[in-house]
Amino acid sequence: MTSRSEIEHIALDLFTERGFDTTTVDDVAHAAGIGRRTFFRYYASKNDVPWGAFDDMLERMRERFAALPPDVPVMEGIRATVLDFNDVPAAEQPWHRQRLRLILETPTLQAHSTLRYAEWRRVVADYAGARLGQPATALLPRTLGHVCLGAALSAYEQWLRSDDVELRDLLDEVMLALENGFADTRVD
């Protein structure tokens, strides 16, 4: 039986080769040696394939936030958790690069991405709100969700442009700059 990961790898290759819009669910199912029904047991739609196990990762993110000691400063906790969220094994790095390229550069996926980004921001806002004693929907927790997502997206885009830098290093740099209020970042 073909695993979810194998289906994703096959689909990512097809999307990269043929284009996301022109690759059908049937194309992916056929290449993976599965039927349409099996495909839809794994994914609600073709748009969900590039996102992989995103829901599981969000749950892990929530658990990581919940496990942080209460004396950890809010931004330090967010930085550590964002780094953990993006901890991808070396063998998965090429697939992760393909995945992010598709998500960030395929217009068709942008509407779906907006929904996923909202879920990610909500997890950050829930943590920030709880730590700040405010509802997650209050201005500051919501802003932290948006700002941190924007910083992560910038790091992803930078990573896709350069093969000689680690994603973790870029994320750490930008999140640390946020944590320090950009105090240590000067242009000479």
Side-chain angles (χ1 to χ4, degrees), residues 12 47-48 50-90 92-107 109-188:
L12 290 170
N47 292 351
D48 291 311
W51 287 91
F54 188 73
D55 292 333
D56 295 340
M57 292 171 61
L58 284 179
E59 186 55 36
R60 187 177 93 191
M61 189 179 199
R62 281 187 190 285
E63 290 168 1
R64 173 85 161 122
F65 277 135
L68 289 171
D71 61 335
V72 170
V74 173
M75 277 306 303
E76 184 179 324
I78 292 172
R79 179 172 58 88
T81 302
V82 168
L83 290 175
D84 180 70
F85 180 84
N86 286 278
D87 191 20
V88 177
E92 278 296 308
Q93 290 288 329
W95 300 110
H96 193 54
R97 191 176 286 272
Q98 275 185 290
R99 183 183 310 280
L100 286 174
R101 189 173 310 284
L102 277 166
I103 289 168
L104 295 173
E105 297 177 0
T106 305
L109 288 172
Q110 293 308 301
H112 189 70
S113 296
T114 300
L115 299 172
R116 294 300 193 156
Y117 295 153
E119 295 169 24
W120 191 96
R121 289 191 322 263
R122 190 173 313 114
V123 172
V124 172
D126 286 347
Y127 167 74
R131 289 297 311 282
L132 298 170
Q134 300 177 13
T137 56
L139 180 62
L140 190 52
R142 287 171 61 110
T143 299
L144 284 171
H146 280 273
V147 169
C148 291
L149 176 64
L153 290 171
S154 292
Y156 298 154
E157 289 171 355
Q158 186 71 27
W159 183 58
L160 292 176
R161 282 193 213 93
S162 178
D163 291 331
D164 62 345
V165 67
E166 295 293 323
L167 176 58
R168 182 179 181 84
D169 294 341
L170 292 170
L171 287 163
D172 193 36
E173 178 183 341
V174 73
M175 290 298 171
L176 190 57
L178 283 175
E179 186 178 329
N180 294 326
F182 291 91
D184 296 334
T185 55
R186 287 178 239 168
V187 178
D188 294 326

Heavy-atom pair with the smallest gap, counting every atom of [X] and [Y]:
X: Trp95; Y: Leu12; result: O-CD1, 3.8 Å
X: Leu167; Y: Ala155; result: CD1-O, 4.1 Å
X: Trp51; Y: Ser113; result: CZ2-OG, 3.4 Å
X: Pro135; Y: Pro141; result: O-CG, 3.5 Å
X: Leu153; Y: Tyr117; result: CD2-OH, 3.6 Å
X: Leu144; Y: Met75; result: CD2-SD, 3.7 Å

Q. Which residue pairs satisfy the side chain to side chain donor-acceptor pair (under 3.5 Å) criterion with at least one member in residues 132-144, sequence neighbours excluded?
A. none
Residues that [X] engages under salt bridge (Lys or Arg N to Asp or Glu O under 4.0 Å), provided they are two or more places apart:
X: Glu92; result: none
X: Asp87; result: none
X: Asp163; result: Arg97
X: Arg122; result: none

Q | More than 12 heavy atoms of other groups within 6.0 Å of Glu63 CD | A | yes
Q. Backbone N or O of Gln93 within a donor-acceptor pair of the Gln98 side chain at under 3.5 Å?
A. no
Q: Begin from the C-alpha positions of Leu100 and His96 and carry the test side-chain contact (heavy atoms from CB on, under 4.5 Å) through to its verdict.
A: CA-CA 6 Å; Leu100 286 174; His96 193 54; 3.5 Å; yes
So, taking the atom named [atom1] in [X] and the one named [atom2] in [Y], what distance separates them when rounded to the nearest 0.5 Å?
X: Ile103; Y: Gln110; atom1: CD1; atom2: CD; result: 9.5 Å
X: Arg116; Y: Asn47; atom1: CZ; atom2: CG; result: 9.5 Å
X: Leu115; Y: Glu119; atom1: CG; atom2: CD; result: 7.0 Å

Anything under 3.5 Å between a donor and an acceptor, one on a side chain of residues 76-84, the other on a protein residue two or more places apart or in another chain? List them.
from, atom 1, to, atom 2, distance (Å)
Arg79, NE, Glu179, OE1, 2.6
Arg79, NH1, Asp172, OD1, 2.8
Thr81, OG1, Gly77, O, 2.8
Asp84, OD2, Arg60, NE, 3.4

Q.
Walk me through whether Tyr156 and Asn86 qualify under side-chain contact (heavy atoms from CB on, under 4.5 Å).
A. CA-CA 10 Å; Tyr156 298 154; Asn86 286 278; 2.7 Å; yes
Q: Examine the side chains of Arg131 and Tyr127 and answer whether a donor and an acceptor come within less than 3.5 Å of each other.
A: yes
Q: Could you walk me through whether Leu109 and Leu102 pass the side-chain contact (heavy atoms from CB on, under 4.5 Å) test, one step at a time?
A: CA-CA 8 Å; Leu109 288 172; Leu102 277 166; 4.3 Å; yes
**Q.** Evaluation steps, side-chain contact (heavy atoms from CB on, under 4.5 Å), between Arg168 and Val88
**A.** CA-CA 9 Å; Arg168 182 179 181 84; Val88 177; over 6 Å; no
